[in-house]
Amino acid sequence: NGGSGAASEPGGGAGGAGDTGAVVRLHSALIAVLTHLVGRLRATAVHDDRIAGVVYPMLEFSTSLGSQESECLVEEAFRLWNTTISSQPEVPPQLLALLPHLGQLLARGKDNAAVFPIIEGYLLLGAAAALNPLSSALQASLEATVRGVTDSIVASVRGGPSATPAGPKPPGGPLRLPGGAGRALSAETANEAMAAAALADVMLQLFPNDSPALLASTFRAMAALVAHPDVPLSGISVKALNVMEGFLEVLGRLLLNSPQLYGALLEGMPEEASSRFLDRWLHIASTRFLEEVIGVKTMAMLGRFRRRIATASLGSVITAGACRDVYEPRKLVRLAGLSLQAVLDNAEFHNDQADLDTLDFKSDLSEDYVMVRRLAITRADPIRTMKLPEKVRAMLQQLAVSVGGEAALHALVEQHASPRAAVQLAAVLQGTLEFSDDGDDELLYGPGLLPSRDGMGGTGG
């Protein structure tokens, strides 16, 4: 088998510096072919000794930092790495042997947007114990990514120079925000932050008892961005909004199970940080994007999930008595509108989950075992399994007590939200927890409430 033998020394054959370019081009083409082959044949490919005899040595060579060739090939190698790990139900020894390379990649911090999803794959396929030696480096990389995107978002608002992602990557071209703001948040930095959020979310789902302590500084850094005094509620870029939405999903999952950590998230920040944090959370959770309004299914599913996890998590915080700022009248009314909409979403949310359960391994999931495992853990997700309407009713009853009774809460909602919201509130408080329609914008966008869709006003960057 000539292919296997050739791969055993991927860097061999280079006679000198003049041959490096040719060797890189050859290996680049080979990695592209292998990625396509494994992506199409999946388990059949990686279980074929002839193909595996090329794939694993090529991954070993192209992810070994230090050589000129590997520096040129590593980005393409990430695609092959991801495709290879997702093509089998467990992590093979050849990929476990690459973990020292992951440690080196985390340490230099230049490729986190690609490295985080690979680590996520290892975790989902049951290789968490093998990753233990990398736990400190992983935590440091996640925190550095969150602080890096915070610097970039703040700089774009203040008009200063934008920060780069966690590693020493060169900044992209300067895209100017309208109104004289600074350099816009780059897609590269935003993607790295979203990859960090996805990994932290999976860690919380897989290891709910250990992750809060392991990732404590990362969670505090996420909360610091959400509560940052220089980042306005509206008018920020869509990429920045998406990053904060991702961070809030992670923090929401954390607080759902550990609401007592609310104070620790904001520890050391100015006193008004809690109020800003809640304003941002309610603002983002209540936002309907255009794609959802016009009926794009995926966006509608994401919107329902966003409202549900925010409602459930805020309910846990309130029940635990962990935050008094939520009782400020405007926040209280906005929370009531959000939670009532989550009740109206309930039937459609469960339809969404039923649709996910019917996805076919081959035709819908492309025989991707990482995706299969990701969907599998959602089946036990408390966000899915909880009886949200009952939780909302208990929360609204507690809010009513804080303002002088159910009649007072009803009057407050009627005045600052809408008559429709007030009617809905009365029905839920009286025990009506199932509804035939999915509501409308009046619950989220009453005349006295933020945000409005016009108020989003996010710049395209």
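Residue indices begin at 1 and follow the sequence shown.
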Under-4.0 Å salt bridge between Arg276 and Asp230: no
Which of Val238, Leu248, Leu225, Ile236 passes side-chain contact (heavy atoms from CB on, under 4.5 Å) with Val243? It is Leu225
With distance as the sole criterion, is a donor-acceptor pair present between the side chains of Ser366 and Arg42 under 3.5 Å? no
Counting neighbours of CZ on Arg379 that are heavy atoms of other residues, nucleotides or ligands and sit closer than 6.0 Å, is the number greater than 12? yes
Looking at Lys297 and Asp352, is there a salt bridge between them, counting it only when a charged N and a carboxylate O are closer than 4.0 Å? no
Less than 4.0 angstrom from a charged side-chain N to a carboxylate O is my criterion; do Glu192 and Arg147 meet it? no
With a 4.5 Å cut-off on side-chain heavy atoms, are Leu138 and Leu131 touching? no
Between Thr84 and Tyr56, does a side chain to side chain donor-acceptor pair (under 3.5 Å) hold up when you go through it step by step? CA-CA 9 Å; Thr84 302; Tyr56 294 119; over 6 Å; no
How far does CZ of Arg307 sit from OG1 of Thr287, to the nearest 0.5 angstrom? 10.0 Å
If you define the side chain from C-beta out and look only at heavy atoms, does anything of Val146 sit under 4.5 Å from Phe219? no
Under-4.0 Å salt bridge between Lys331 and Asp325: no
Do Met395 and Ser339 touch side chain to side chain, with heavy atoms closer than 4.5 Å? yes
Are there over 12 heavy-atom neighbours, none belonging to Glu75, within less than 6.0 Å of that residue's CD? no
Flag if over 12 foreign heavy atoms under 6.0 Å of CD, Glu267: no
If we count only N and O atoms by modelled type, under 3.5 Å, do the side chains of Gln341 and Asp345 hold a donor and an acceptor together? yes
What's the verdict on salt bridge (charged side-chain N to carboxylate O under 4.0 Å, His left out) for Glu120 and Arg374, showing C-alpha distance, side-chain angles and the deciding distance? CA-CA 9 Å; Glu120 188 178 333; Arg374 189 178 288 118; 2.7 Å; yes
Below 4.0 angstrom, N of the basic side chain to O of the carboxylate: do Glu245 and Arg280 qualify? no
Quick check: are there more than 12 heavy atoms from other residues, nucleotides or ligands sitting under 6.0 Å from CD of Gln68? no
Inspect the contact between Asp48 and Arg50 and indicate whether a charged nitrogen and a carboxylate oxygen are less than 4.0 angstrom apart. yes
Partner of Gln88 by side-chain contact (heavy atoms from CB on, under 4.5 Å), out of Val46, Val38, Val370: Val46
Indicate whether the side chain of Gln139 and that of Thr218 have a donor and an acceptor atom separated by less than 3.5 Å. yes
Cation-pi between Arg304 and Phe349: NZ/CZ under 6.0 Å from ring centre and within 45° of the ring axis? no
Side-chain donor-acceptor pair present, Ser316, Thr319, cut-off under 3.5 Å: no
